[in-house]
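Lettering follows sequence order; numbering is per chain, from 1.
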Protein chains: 2
Amino acid sequence: MFRLDDLDERIVSALQRDGSLSSAALAEVVNASPASCWRRVKALEEAGILGPTVRIVKPESLGRGLDVFCQIRMKSQDAAARMDFQRVLEAEPTILEVYSISGEWDYLLHLAVRGMADYEEILMHRILAHHSVAQASSVFALRRVKHTNVVPV
Amino acid sequence: MFRLDDLDERIVSALQRDGSLSSAALAEVVNASPASCWRRVKALEEAGILGPTVRIVKPESLGRGLDVFCQIRMKSQDAAARMDFQRVLEAEPTILEVYSISGEWDYLLHLAVRGMADYEEILMHRILAHHSVAQASSVFALRRVKHTNVVPV
DNA sequence: CAGAAGGTGAAATGAATGTTTCGTCTTGAT
DNA sequence: ATCAAGACGAAACATTCATTTCACCTTCTG
(Lines give C-alpha, C1' and ligand atoms only; values in the text may rest on other atoms or scores of the structure.)
Protein backbone atom coordinates (compact mmCIF):
# COMPACT_ATOMS: atom_id res chain seq x y z
CA MET A 1 0.00 0.00 0.00
CA PHE A 2 1.04 3.53 -0.85
CA ARG A 3 2.16 5.77 1.96
CA LEU A 4 1.14 9.43 1.58
CA ASP A 5 3.20 12.14 3.22
CA ASP A 6 1.88 15.65 3.91
CA LEU A 7 2.78 16.92 0.48
CA ASP A 8 1.00 14.03 -1.20
CA GLU A 9 -2.02 14.74 0.93
CA ARG A 10 -2.04 18.38 0.00
CA ILE A 11 -1.74 17.44 -3.67
CA VAL A 12 -4.60 14.94 -3.53
CA SER A 13 -6.70 17.41 -1.64
CA ALA A 14 -6.03 20.23 -4.08
CA LEU A 15 -6.68 18.11 -7.17
CA GLN A 16 -9.90 16.71 -5.80
CA ARG A 17 -11.17 20.26 -5.64
CA ASP A 18 -9.64 21.53 -8.87
CA GLY A 19 -8.50 18.97 -11.38
CA SER A 20 -7.50 21.59 -13.93
CA LEU A 21 -4.51 22.82 -11.96
CA SER A 22 -1.29 22.78 -13.96
CA SER A 23 1.89 21.56 -12.32
CA ALA A 24 2.94 25.17 -11.81
CA ALA A 25 -0.37 26.24 -10.31
CA LEU A 26 -0.50 23.15 -8.14
CA ALA A 27 3.04 23.82 -6.97
CA GLU A 28 2.01 27.22 -5.76
CA VAL A 29 -1.01 25.89 -3.90
CA VAL A 30 0.85 23.13 -2.08
CA ASN A 31 4.16 24.97 -1.67
CA ALA A 32 6.53 22.86 -3.71
CA SER A 33 8.29 23.00 -7.05
CA PRO A 34 6.45 22.22 -10.30
CA ALA A 35 8.86 19.37 -11.03
CA SER A 36 8.22 17.74 -7.69
CA CYS A 37 4.50 18.09 -8.08
CA TRP A 38 4.64 16.60 -11.53
CA ARG A 39 6.56 13.55 -10.33
CA ARG A 40 4.25 12.99 -7.40
CA VAL A 41 1.12 13.34 -9.46
CA LYS A 42 2.48 10.75 -11.86
CA ALA A 43 3.26 8.42 -8.98
CA LEU A 44 -0.17 8.93 -7.41
CA GLU A 45 -1.79 8.18 -10.74
CA GLU A 46 0.17 5.00 -11.21
CA ALA A 47 -0.63 3.93 -7.68
CA GLY A 48 -4.29 4.30 -8.60
CA ILE A 49 -4.93 6.96 -5.99
CA LEU A 50 -5.58 9.81 -8.37
CA GLY A 51 -8.36 8.69 -10.65
CA PRO A 52 -9.74 10.26 -13.80
CA THR A 53 -10.30 13.98 -14.33
CA VAL A 54 -13.95 14.77 -14.94
CA ARG A 55 -16.28 17.69 -15.42
CA ILE A 56 -19.01 18.05 -12.83
CA VAL A 57 -22.49 18.66 -14.19
CA LYS A 58 -25.38 19.41 -11.89
CA PRO A 59 -28.24 17.06 -12.79
CA GLU A 60 -30.75 19.88 -12.53
CA SER A 61 -28.99 21.83 -15.26
CA LEU A 62 -29.74 18.97 -17.61
CA GLY A 63 -33.33 18.76 -16.45
CA ARG A 64 -32.68 15.84 -14.12
CA GLY A 65 -33.67 17.68 -10.96
CA LEU A 66 -35.28 14.83 -9.04
CA ASP A 67 -33.11 12.60 -6.86
CA VAL A 68 -34.67 9.30 -5.95
CA PHE A 69 -33.45 6.61 -3.59
CA CYS A 70 -34.88 3.22 -4.24
CA GLN A 71 -34.46 0.19 -2.04
CA ILE A 72 -34.87 -3.23 -3.59
CA ARG A 73 -35.61 -6.64 -2.20
CA MET A 74 -34.82 -9.64 -4.36
CA LYS A 75 -36.84 -12.82 -4.70
CA SER A 76 -33.74 -14.92 -4.49
CA GLN A 77 -30.11 -14.33 -3.67
CA ASP A 78 -28.75 -16.65 -6.28
CA ALA A 79 -25.63 -15.35 -7.92
CA ALA A 80 -26.83 -15.58 -11.51
CA ALA A 81 -29.95 -13.57 -10.80
CA ARG A 82 -27.95 -10.87 -9.04
CA MET A 83 -25.46 -10.64 -11.85
CA ASP A 84 -28.18 -10.30 -14.40
CA PHE A 85 -29.94 -7.63 -12.38
CA GLN A 86 -26.73 -5.69 -11.90
CA ARG A 87 -26.17 -5.65 -15.62
CA VAL A 88 -29.55 -4.04 -16.06
CA LEU A 89 -28.71 -1.39 -13.47
CA GLU A 90 -25.40 -0.73 -15.15
CA ALA A 91 -27.14 -0.13 -18.44
CA GLU A 92 -29.62 2.41 -17.11
CA PRO A 93 -27.95 5.83 -17.21
CA THR A 94 -30.31 7.58 -14.79
CA ILE A 95 -29.07 5.22 -12.09
CA LEU A 96 -25.98 6.93 -10.75
CA GLU A 97 -25.18 4.72 -7.79
CA VAL A 98 -25.95 1.20 -6.70
CA TYR A 99 -24.99 -0.37 -3.40
CA SER A 100 -25.55 -3.82 -2.09
CA ILE A 101 -26.59 -3.21 1.49
CA SER A 102 -27.06 -4.65 4.94
CA GLY A 103 -30.45 -4.77 6.62
CA GLU A 104 -33.91 -5.49 5.38
CA TRP A 105 -33.24 -4.58 1.77
CA ASP A 106 -30.78 -5.92 -0.74
CA TYR A 107 -29.91 -2.91 -2.87
CA LEU A 108 -29.97 0.83 -2.59
CA LEU A 109 -30.14 2.79 -5.83
CA HIS A 110 -29.67 6.48 -6.38
CA LEU A 111 -31.24 7.91 -9.52
CA ALA A 112 -31.36 11.36 -11.07
CA VAL A 113 -34.55 11.61 -13.09
CA ARG A 114 -36.51 14.32 -14.88
CA GLY A 115 -39.56 14.01 -12.66
CA MET A 116 -42.15 11.64 -11.27
CA ALA A 117 -43.45 10.45 -14.60
CA ASP A 118 -39.93 9.71 -15.72
CA TYR A 119 -39.24 7.80 -12.52
CA GLU A 120 -42.44 5.83 -12.72
CA GLU A 121 -41.50 4.70 -16.19
CA ILE A 122 -38.02 3.61 -15.13
CA LEU A 123 -39.20 1.92 -11.95
CA MET A 124 -41.88 -0.04 -13.76
CA HIS A 125 -40.10 -0.98 -16.94
CA ARG A 126 -36.47 -1.17 -15.95
CA ILE A 127 -36.49 -2.21 -12.31
CA LEU A 128 -39.71 -3.92 -11.26
CA ALA A 129 -39.87 -5.56 -14.66
CA HIS A 130 -36.89 -7.67 -13.74
CA HIS A 131 -37.93 -11.19 -12.82
CA SER A 132 -35.89 -11.45 -9.65
CA VAL A 133 -37.05 -8.23 -8.02
CA ALA A 134 -39.58 -8.83 -5.26
CA GLN A 135 -40.23 -5.39 -3.86
CA ALA A 136 -39.14 -1.77 -4.09
CA SER A 137 -39.48 1.23 -1.82
CA SER A 138 -38.82 4.76 -3.03
CA VAL A 139 -37.76 7.86 -1.20
CA PHE A 140 -37.62 11.25 -2.89
CA ALA A 141 -35.19 14.03 -2.17
CA LEU A 142 -36.87 17.29 -1.26
CA ARG A 143 -33.57 19.09 -1.39
CA ARG A 144 -29.92 18.44 -2.01
CA VAL A 145 -28.40 19.81 1.18
CA LYS A 146 -24.80 18.77 0.53
CA HIS A 147 -23.07 17.06 -2.33
CA THR A 148 -19.33 16.65 -2.75
CA ASN A 149 -16.87 14.25 -4.37
CA VAL A 150 -14.07 15.26 -2.09
CA VAL A 151 -12.93 12.32 0.01
CA PRO A 152 -11.12 13.59 3.11
CA VAL A 153 -7.46 12.65 3.03
CA MET B 1 -32.98 28.20 -20.11
CA PHE B 2 -30.16 27.01 -22.31
CA ARG B 3 -31.00 24.90 -25.32
CA LEU B 4 -28.45 22.18 -26.12
CA ASP B 5 -28.08 20.94 -29.67
CA ASP B 6 -26.49 17.58 -30.54
CA LEU B 7 -23.00 18.98 -30.60
CA ASP B 8 -23.43 20.55 -27.17
CA GLU B 9 -24.70 17.24 -25.89
CA ARG B 10 -21.74 15.38 -27.26
CA ILE B 11 -19.41 17.93 -25.69
CA VAL B 12 -21.05 17.72 -22.27
CA SER B 13 -21.05 13.96 -22.47
CA ALA B 14 -17.39 13.78 -23.44
CA LEU B 15 -16.25 16.22 -20.78
CA GLN B 16 -18.20 14.48 -18.05
CA ARG B 17 -16.14 11.40 -18.79
CA ASP B 18 -12.81 13.11 -19.41
CA GLY B 19 -12.41 16.64 -18.16
CA SER B 20 -8.78 16.83 -19.23
CA LEU B 21 -9.58 16.93 -22.95
CA SER B 22 -8.04 19.91 -24.74
CA SER B 23 -10.07 21.78 -27.32
CA ALA B 24 -8.23 19.90 -30.03
CA ALA B 25 -8.74 16.48 -28.48
CA LEU B 26 -12.37 17.27 -27.73
CA ALA B 27 -12.86 18.41 -31.30
CA GLU B 28 -11.71 15.04 -32.55
CA VAL B 29 -14.02 13.16 -30.20
CA VAL B 30 -17.15 15.13 -31.05
CA ASN B 31 -16.34 15.77 -34.71
CA ALA B 32 -16.02 19.52 -34.83
CA SER B 33 -13.30 22.13 -35.06
CA PRO B 34 -11.21 23.10 -32.03
CA ALA B 35 -12.37 26.71 -32.33
CA SER B 36 -16.01 25.72 -32.28
CA CYS B 37 -15.50 23.44 -29.32
CA TRP B 38 -13.71 26.14 -27.43
CA ARG B 39 -16.50 28.64 -27.98
CA ARG B 40 -19.17 26.17 -26.97
CA VAL B 41 -17.34 25.05 -23.86
CA LYS B 42 -17.01 28.69 -22.82
CA ALA B 43 -20.72 29.22 -23.39
CA LEU B 44 -21.66 26.07 -21.48
CA GLU B 45 -19.49 27.18 -18.59
CA GLU B 46 -21.05 30.61 -18.48
CA ALA B 47 -24.50 29.10 -18.64
CA GLY B 48 -23.55 27.08 -15.56
CA ILE B 49 -24.01 23.75 -17.29
CA LEU B 50 -20.38 22.69 -17.24
CA GLY B 51 -19.26 22.82 -13.63
CA PRO B 52 -15.81 22.52 -12.11
CA THR B 53 -13.13 20.09 -13.24
CA VAL B 54 -12.18 17.65 -10.48
CA ARG B 55 -10.05 14.61 -9.88
CA ILE B 56 -11.89 11.48 -8.84
CA VAL B 57 -10.45 9.63 -5.88
CA LYS B 58 -11.85 6.28 -4.80
CA PRO B 59 -12.56 6.47 -1.06
CA GLU B 60 -11.06 3.02 -0.51
CA SER B 61 -7.72 4.17 -1.85
CA LEU B 62 -7.57 6.66 1.01
CA GLY B 63 -8.65 4.06 3.52
CA ARG B 64 -12.27 5.19 3.55
CA GLY B 65 -13.70 1.94 2.31
CA LEU B 66 -16.93 1.83 4.25
CA ASP B 67 -20.01 3.52 2.77
CA VAL B 68 -22.75 4.24 5.26
CA PHE B 69 -26.24 5.56 4.71
CA CYS B 70 -27.79 7.16 7.72
CA GLN B 71 -31.35 8.29 8.04
CA ILE B 72 -32.20 10.96 10.58
CA ARG B 73 -35.37 12.01 12.31
CA MET B 74 -35.48 15.44 13.90
CA LYS B 75 -37.13 16.41 17.16
CA SER B 76 -38.57 19.52 15.61
CA GLN B 77 -38.86 20.94 12.15
CA ASP B 78 -38.18 24.50 13.13
CA ALA B 79 -36.05 26.34 10.64
CA ALA B 80 -33.34 27.49 13.03
CA ALA B 81 -32.70 23.96 14.27
CA ARG B 82 -32.46 22.62 10.75
CA MET B 83 -30.06 25.33 9.70
CA ASP B 84 -27.85 24.69 12.65
CA PHE B 85 -27.85 20.96 12.03
CA GLN B 86 -27.03 21.43 8.36
CA ARG B 87 -24.04 23.54 9.26
CA VAL B 88 -22.74 20.66 11.35
CA LEU B 89 -23.20 18.25 8.46
CA GLU B 90 -21.45 20.64 6.11
CA ALA B 91 -18.47 20.77 8.42
CA GLU B 92 -18.01 17.02 8.70
CA PRO B 93 -15.85 15.90 5.76
CA THR B 94 -16.74 12.21 5.90
CA ILE B 95 -20.31 13.18 5.04
CA LEU B 96 -20.31 13.32 1.27
CA GLU B 97 -24.00 13.78 0.59
CA VAL B 98 -27.00 15.03 2.50
CA TYR B 99 -30.57 15.03 1.25
CA SER B 100 -33.71 16.26 2.88
CA ILE B 101 -36.19 13.52 2.07
CA SER B 102 -39.81 12.49 1.89
CA GLY B 103 -41.23 9.71 4.03
CA GLU B 104 -40.71 8.70 7.61
CA TRP B 105 -37.28 10.24 7.95
CA ASP B 106 -36.08 13.79 7.56
CA TYR B 107 -32.55 13.41 6.21
CA LEU B 108 -30.52 10.87 4.34
CA LEU B 109 -26.75 11.07 4.75
CA HIS B 110 -24.09 9.26 2.80
CA LEU B 111 -20.74 8.92 4.49
CA ALA B 112 -17.41 7.39 3.54
CA VAL B 113 -15.66 6.26 6.70
CA ARG B 114 -12.62 4.21 7.62
CA GLY B 115 -14.58 1.48 9.38
CA MET B 116 -17.11 0.77 12.06
CA ALA B 117 -15.19 2.33 14.90
CA ASP B 118 -14.73 5.48 12.87
CA TYR B 119 -18.43 5.58 12.07
CA GLU B 120 -19.50 4.98 15.63
CA GLU B 121 -17.40 7.94 16.70
CA ILE B 122 -18.90 10.24 14.06
CA LEU B 123 -22.44 9.08 14.65
CA MET B 124 -22.22 9.55 18.40
CA HIS B 125 -20.23 12.75 18.60
CA ARG B 126 -21.13 14.60 15.43
CA ILE B 127 -24.64 13.51 14.60
CA LEU B 128 -26.53 12.15 17.60
CA ALA B 129 -24.83 14.71 19.77
CA HIS B 130 -26.82 17.42 18.08
CA HIS B 131 -29.69 18.59 20.24
CA SER B 132 -32.35 18.47 17.58
CA VAL B 133 -31.71 14.95 16.35
CA ALA B 134 -34.29 12.48 17.63
CA GLN B 135 -33.30 9.22 15.99
CA ALA B 136 -30.93 7.68 13.46
CA SER B 137 -30.94 4.49 11.45
CA SER B 138 -27.84 3.22 9.67
CA VAL B 139 -27.42 1.02 6.66
CA PHE B 140 -24.02 -0.26 5.55
CA ALA B 141 -22.90 -0.88 2.02
CA LEU B 142 -21.64 -4.40 1.46
CA ARG B 143 -20.43 -3.48 -1.98
CA ARG B 144 -20.31 -0.56 -4.36
CA VAL B 145 -22.00 -2.04 -7.40
CA LYS B 146 -22.11 1.10 -9.54
CA HIS B 147 -20.87 4.62 -9.03
CA THR B 148 -20.76 7.34 -11.65
CA ASN B 149 -20.91 11.10 -11.85
CA VAL B 150 -22.08 11.09 -15.42
CA VAL B 151 -25.52 12.62 -15.70
CA PRO B 152 -27.22 11.44 -18.89
CA VAL B 153 -27.70 14.29 -21.34
C1' DC C 1 -35.23 37.56 -53.15
C1' DA C 2 -32.12 40.46 -50.24
C1' DG C 3 -29.74 40.93 -46.23
C1' DA C 4 -28.65 40.72 -41.47
C1' DA C 5 -27.10 37.70 -37.66
C1' DG C 6 -24.77 34.19 -36.03
C1' DG C 7 -22.20 29.94 -36.25
C1' DT C 8 -18.23 27.58 -38.67
C1' DG C 9 -13.40 25.94 -39.84
C1' DA C 10 -8.57 27.23 -40.97
C1' DA C 11 -4.76 29.67 -39.77
C1' DA C 12 -1.81 32.51 -36.81
C1' DT C 13 -0.36 34.18 -32.35
C1' DG C 14 2.14 34.27 -28.04
C1' DA C 15 1.87 32.19 -23.69
C1' DA C 16 1.70 28.27 -20.92
C1' DT C 17 2.48 23.36 -20.42
C1' DG C 18 4.54 18.86 -19.66
C1' DT C 19 8.84 16.65 -19.34
C1' DT C 20 13.82 15.90 -18.83
C1' DT C 21 18.37 16.80 -17.14
C1' DC C 22 21.52 18.02 -13.69
C1' DG C 23 23.79 19.22 -9.50
C1' DT C 24 22.52 19.55 -4.63
C1' DC C 25 20.46 18.16 -0.49
C1' DT C 26 18.13 15.10 2.68
C1' DT C 27 17.56 10.79 4.83
C1' DG C 28 18.02 6.21 6.58
C1' DA C 29 21.01 2.17 7.08
C1' DT C 30 25.20 0.39 8.36
C1' DA D 1 30.38 8.91 10.76
C1' DT D 2 29.87 7.23 6.12
C1' DC D 3 27.67 5.98 2.22
C1' DA D 4 24.18 4.97 -1.12
C1' DA D 5 19.66 5.92 -2.65
C1' DG D 6 16.37 8.77 -3.52
C1' DA D 7 13.94 13.26 -3.51
C1' DC D 8 14.54 18.02 -4.39
C1' DG D 9 14.45 22.74 -7.05
C1' DA D 10 16.09 25.38 -11.04
C1' DA D 11 16.69 25.68 -15.69
C1' DA D 12 16.03 24.44 -20.42
C1' DC D 13 13.34 22.15 -24.09
C1' DA D 14 10.11 21.29 -27.65
C1' DT D 15 5.43 20.78 -27.72
C1' DT D 16 0.91 21.86 -27.09
C1' DC D 17 -2.43 24.97 -25.81
C1' DA D 18 -5.98 28.71 -25.47
C1' DT D 19 -7.49 32.48 -27.92
C1' DT D 20 -8.32 35.67 -31.78
C1' DT D 21 -9.03 36.94 -36.50
C1' DC D 22 -11.03 36.33 -40.83
C1' DA D 23 -13.63 34.84 -44.76
C1' DC D 24 -17.27 31.76 -45.70
C1' DC D 25 -21.57 29.57 -45.18
C1' DT D 26 -26.03 28.68 -43.37
C1' DT D 27 -30.48 30.14 -41.84
C1' DC D 28 -33.93 32.85 -40.67
C1' DT D 29 -36.66 37.67 -41.45
C1' DG D 30 -38.94 40.81 -43.93
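- For the atom pair A:L44 CG and B:S61 OG, the distance stands at 9.5 Å (nearest 0.5 Å).
- In this structure, A:F69 and A:H110 have parallel ring planes: the angle between them is below the 30° cut-off, well short of the 60° mark.
- Close to C:dG9, at under 4.0 Å from its OP1 or OP2, lies a side-chain N or O of B:S36.
- Within the structure, no pair that satisfies the ring pair (Phe, Tyr, Trp, His ring centres under 6.0 Å) test touches residues 9-56 of chain B, not counting sequence neighbours.
- Nucleotide D:dT19 holds its P atom 5 Å from the NZ atom of B:K42, rounded to whole Å.
- Considering only residues two or more places apart in sequence or on other chains, A:R39 meets the salt bridge (charged side-chain N to carboxylate O under 4.0 Å, His left out) condition with none of them.
- Applying the ring pair (Phe, Tyr, Trp, His ring centres under 6.0 Å) criterion to A:F140, with sequence neighbours excluded, gives A:Y119.
- Of the residues in residues 17-31 of chain A, not one places a heavy atom less than 4.0 Å from an atom of DNA chain D.
- Atom CG in A:L4 sits roughly 16 Å away from atom C1' in D:dA7 (whole-Å rounding).
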For residues 25-32 of chain B, please give each side-chain donor-acceptor pair under 3.5 Å, one per line with the distance, not counting sequence neighbours.
none

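- Annotation: ring pair (Phe, Tyr, Trp, His ring centres under 6.0 Å) contacts of A:H130 (sequence neighbours excluded): A:F85.
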Show me the protein contacts with nucleotides 4-6 of chain D, counting only N or O atoms at under 3.5 Å.
none

May I have the list of side-chain donor-acceptor pairs in residues 87-95 of chain B shorter than 3.5 Å, sequence neighbours left out?
from	atom 1	to	atom 2	distance (Å)
B:E92	OE2	B:T94	N	3.2
B:E92	OE2	B:T94	OG1	2.7

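- Considering only residues two or more places apart in sequence or on other chains, A:R143 meets the side chain to side chain contact (heavy atoms under 4.5 Å, CB included) condition with A:V145, B:Q86, B:S100.
- Taking NE2 of A:H125 as the start and CD1 of A:I127 as the end, the distance is 12.0 Å to the nearest 0.5 Å.
- Applying the side chain to side chain contact (heavy atoms under 4.5 Å, CB included) test between A:I11 and each of A:L4, A:D6, A:V41 identifies A:V41 as the sole match.
- Distances shorter than 4.0 Å separate none of the side-chain N or O atoms of B:W38 from OP1 or OP2 on D:dA18.
- Rounded to an integer number of Å, the gap from A:R3 CZ to C:dG28 C1' is 17 Å.
- The shortest side-chain heavy-atom distance between B:D84 and B:S132 does not fall under the 4.5 Å cut-off.
- When the P atom of C:dG28 is taken as reference, atom CG of A:D5 falls 12 Å away, rounded to whole Å.
- Helix-axis bend for the helix from C:dC1-D:dG30 to C:dT30-D:dA1: the local axis fitted to the five terminal pairs at one end deviates from that at the other end by 40°, rounded to 10°.
- Distance B:E45 CD to D:dA18 P: 11 Å, rounded to the nearest Å.
- Under the side chain to side chain contact (heavy atoms under 4.5 Å, CB included) criterion, B:R17 pairs with B:S13, B:V150, sequence neighbours left out.
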| Nucleotide by nucleotide, 5' to 3', does protein get under 4.0 Å of the base (B), only the sugar-phosphate (S), or neither (-) in nucleotides 21-26 of chain D, counting heavy atoms? | B-----
